[in-house]
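Data first, discussion second: the structure below is written as structure tokens.
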Amino acid sequence: MDKTIATLAEAVATIADGATVMIGGFGGSGAPIELIHALIDRYRATGHPSGLTVVNNNAGNGHVGLAALIEAGMVRKLICSFPRSADPVVFTERYLAGNIELELVPQGTLAERIRAGGAGIPAFYTPTGYGTELATGKKIEEFDGRPYVQERWLKADVALVKAERADTMGNLTYRAASRNFGPLMCMAAAETIVQAREIVAPGGIDPETVVTPGIFVQKVVAVPDPQQEETLNRAGAVH
Amino acid sequence: MSPKLSNAQIAWRAAQDIADGAYVNLGIGFPEMVAKFQPPGRQAIFHTENGILNFGEAPPSGQEDWDLINAGKKAVTLKPGAAFFHHADSFAMVRGGHLDVAILGAYQVAETGDLANWSTGPKGVPAVGGAMDLVHGAKRVAVITDHVTKEGAPKLLERCTLPLTGVGCVTRVYTSLAVIDIEGGRFVLREKLAALTFEALQAQTGARLHLTGPVADLTVPEL
């Protein structure tokens, strides 16, 4: 078994128009910049994929990564918790012009919906959002005297995730706080595509330290020197 | 101009109530300041929603590691005994009752414990982040805030008029004028600035202040 894909272009070649794509990262930490840029490059060359629904905590920053994906016109809808950042101009302009749909989800609910999607749990109850406008239209039930909001699972066709180390079987470790949504999104997508700084042979990751087991990962591609959104934005980069 | 506490002084006062060894989440912005004022001999363990326990101060400029950030997306450092975890575990810590204290900012707080701190209305781009999660689960949910808005309107009200973050969630409010508990749907005054009369404080508060015992002077150092 070898899940290694030779190039970024090949790794993102089969993502279809209208797909739901989960993209790991919290701000720039964990953002799979190279995979996103490969997807943008494919769109510029072929016109596909378009009409994407993207799931991410944020809405991009500056003109790279997720912001560039939105700026390219590939995103129809964004599901996120906090569509603001230091420089959210790309999303903000499109949103205020009515050119992109937003589903705003509390951050912990977003994480748990993704986890539930990966874990085969179609719905769950959370105290979060009860009595607020984000619970409008949702089923409320009382447990042990307290009201809870029913939330549904979230699944995706594809997840794009950044890891630190992968083995060829798809077992992953992450770097520092960049893991954030990665392990959850790997579970919740039909096809998980991972960029890793290093790909090693089976046995190259101690089983005690595996964070995402390879069963949740379909493709791995090596990106030995990944770019960071913050560094790109400080340099004024545009993709 | 009547006396009032600076933001740093409000943060200092809130920090005095954090026990040694407490697990604490500080909301982004003003509440982050609380970490600077831990009393000597006490060490709280700070949680950030994106997935770190026991992070420390910002690194020197130029030494940022952008995989090591807090919920406000500012670079942080790690203390010995830090841990990383994914987002579902992070919010299990939040909703699951594992945090001792969450300290948040506020646009408005109601005597019922309702909090409004995420939206000022339908204009612009809505963004909620972890605010609605953080108000549930921590053993104490405290607010630090100016007592009134920049325009002088009360922020402590009978009912919030702005979109709610959570219902019946706040247990204590540290303001620029007073320390007030929320008990049984009432504001109970615990401390106030000595230079301020009860009547003057009540006049700047949008709901009735109750007294259930002696009111202490709110005293803080110059900062």
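To find a chain, count down the sequence lines: A is the first, B the second, and so on, and within it residues start at 1.
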Discussion item. Other residues, nucleotides and ligands only: do more than 12 of their heavy atoms fall within 6.0 Å of CG on B/L223?
Written reply: yes

Worksheet item: Do B/H86 side-chain atoms and A/N180 backbone N/O form a donor-acceptor pair below 3.5 Å?
Response: no

Worksheet item: In terms of heavy-atom proximity below 4.5 Å to chain A, should B/D89 be classed as side chain, backbone, both, or neither?
Response: neither

Discussion item. Any non-hydrogen side-chain atom of B/V125 less than 4.5 Å from a side-chain atom of A/F91?
Written reply: yes

Practice prompt. Flag the pair A/E230 and B/K73 as a salt bridge only when some basic side-chain nitrogen lies within less than 4.0 angstrom of an acidic carboxylate oxygen.
Written response: no

Fill in: Contact origin within A/S85 toward chain B - heavy atom pairs under 4.5 Å
neither

Fill in: Residue part contacting chain A, namely of B/F55, when any heavy atom lies under 4.5 Å
neither

Worksheet, complete the sentence: Greatest number of non-hydrogen atom pairs under 4.5 angstrom with chain A, of B/D65, B/V135, B/T48, falls to B/D65

Fill in: More than 12 heavy atoms of other groups within 6.0 Å of A/Y130 OH
no

Fill in: Nearest heavy atoms of A/T128 and B/R95, plus distance in Å
OG1-CD, 3.4 Å

Discussion item. Let's test your reading of the structure: which of A/A177, A/P183, A/A111 forms the most heavy-atom pairs below 4.5 Å with chain B?
Written reply: A/A177

Worksheet, complete the sentence: Comparing A/T109, A/N58, A/L134, A/L110 against chain B, the one with the most heavy-atom pairs below 4.5 Å turns out to be A/L134

Worksheet item: Looking at B/S119, B/G129, B/G51, which one has more heavy-atom pairs under 4.5 Å with chain A than the rest?
Response: B/G129

Practice prompt. Identify which one of A/K162, A/Q228, A/R179 satisfies the side-chain hydrogen bond (donor to acceptor under 3.5 Å, both in side chains) criterion when paired with B/D67.
Written response: A/Q228

Response to the item:
When the 4.5 angstrom heavy-atom criterion is applied to A/L102 and chain B, the contacting part is side chain

Item to complete: Verify side chain to side chain contact (heavy atoms under 4.5 Å, CB included) between B/T165 and A/T132, making sure each step is shown before the conclusion.
Response: CA-CA 6 Å; B/T165 306; A/T132 76; 5.7 Å; no

Item to complete: Heavy-atom distances under 4.5 Å only: say whether A/R146 touches chain B with side chain, backbone, both or neither.
Response: side chain

Response to the item:
Scanning both residues in full, the closest heavy-atom pair of B/V128 with A/P106 reads CG1-CA, 3.8 Å

Item to complete: Heavy-atom distances under 4.5 Å only: say whether A/V211 touches chain B with side chain, backbone, both or neither.
Response: neither

Worksheet item: Which atom names give the shortest non-hydrogen contact between A/G129 and B/H136, and what distance separates them?
Response: N-NE2, 4.4 Å

Worksheet item: Is atom CD of B/E57 surrounded by more than 12 heavy atoms (other residues, nucleotides or ligands) closer than 6.0 Å?
Response: no

Discussion item. Between B/H87 and A/E112, do the side chains contain a donor N or O and an acceptor N or O under 3.5 Å apart?
Written reply: no

Discussion item. Side chains of B/E49 and A/F26, heavy atoms from C-beta outward: is any pair under 4.5 Å?
Written reply: no

Item to complete: Supply the atom-to-atom distance A/S29 OG to B/I52 CD1, rounded to the nearest 0.5 angstrom.
Response: 7.5 Å

Worksheet item: Does any non-hydrogen side-chain atom of B/W118 lie less than 4.5 Å from one of A/E133?
Response: yes

Response to the item:
Ranked by heavy-atom pairs below 4.5 Å to chain B, first place among A/A31, A/P83, A/G30, A/G28 goes to A/P83

Item to complete: Take atom OH of B/Y23 as the centre, draw a 6.0 Å sphere, and report whether it contains more than 12 heavy atoms from other residues, nucleotides or ligands.
Response: no

Practice prompt. Any chance you could lay out the side chain to side chain contact (heavy atoms under 4.5 Å, CB included) test for A/T231 and B/W66, step after step, and finish with the verdict?
Written response: CA-CA 8 Å; A/T231 311; B/W66 295 111; 4.0 Å; yes

Fill in: Residue pair B/D133 / A/Q107, side-chain heavy-atom distance below 4.5 Å
yes

Practice prompt. State whether the number of non-hydrogen atoms from other residues, nucleotides or ligands found under 6.0 Å of B/R42 atom CZ is greater than 12.
Written response: yes

Worksheet item: Got more than 12 heavy atoms from elsewhere within 6.0 Å of CE, A/M169?
Response: no

Worksheet item: Yes or no on side chain to side chain contact (heavy atoms under 4.5 Å, CB included) for B/F91 and A/R115, after CA distance, side-chain angles and deciding distance?
Response: CA-CA 11 Å; B/F91 282 90; A/R115 197 198 71 80; over 6 Å; no

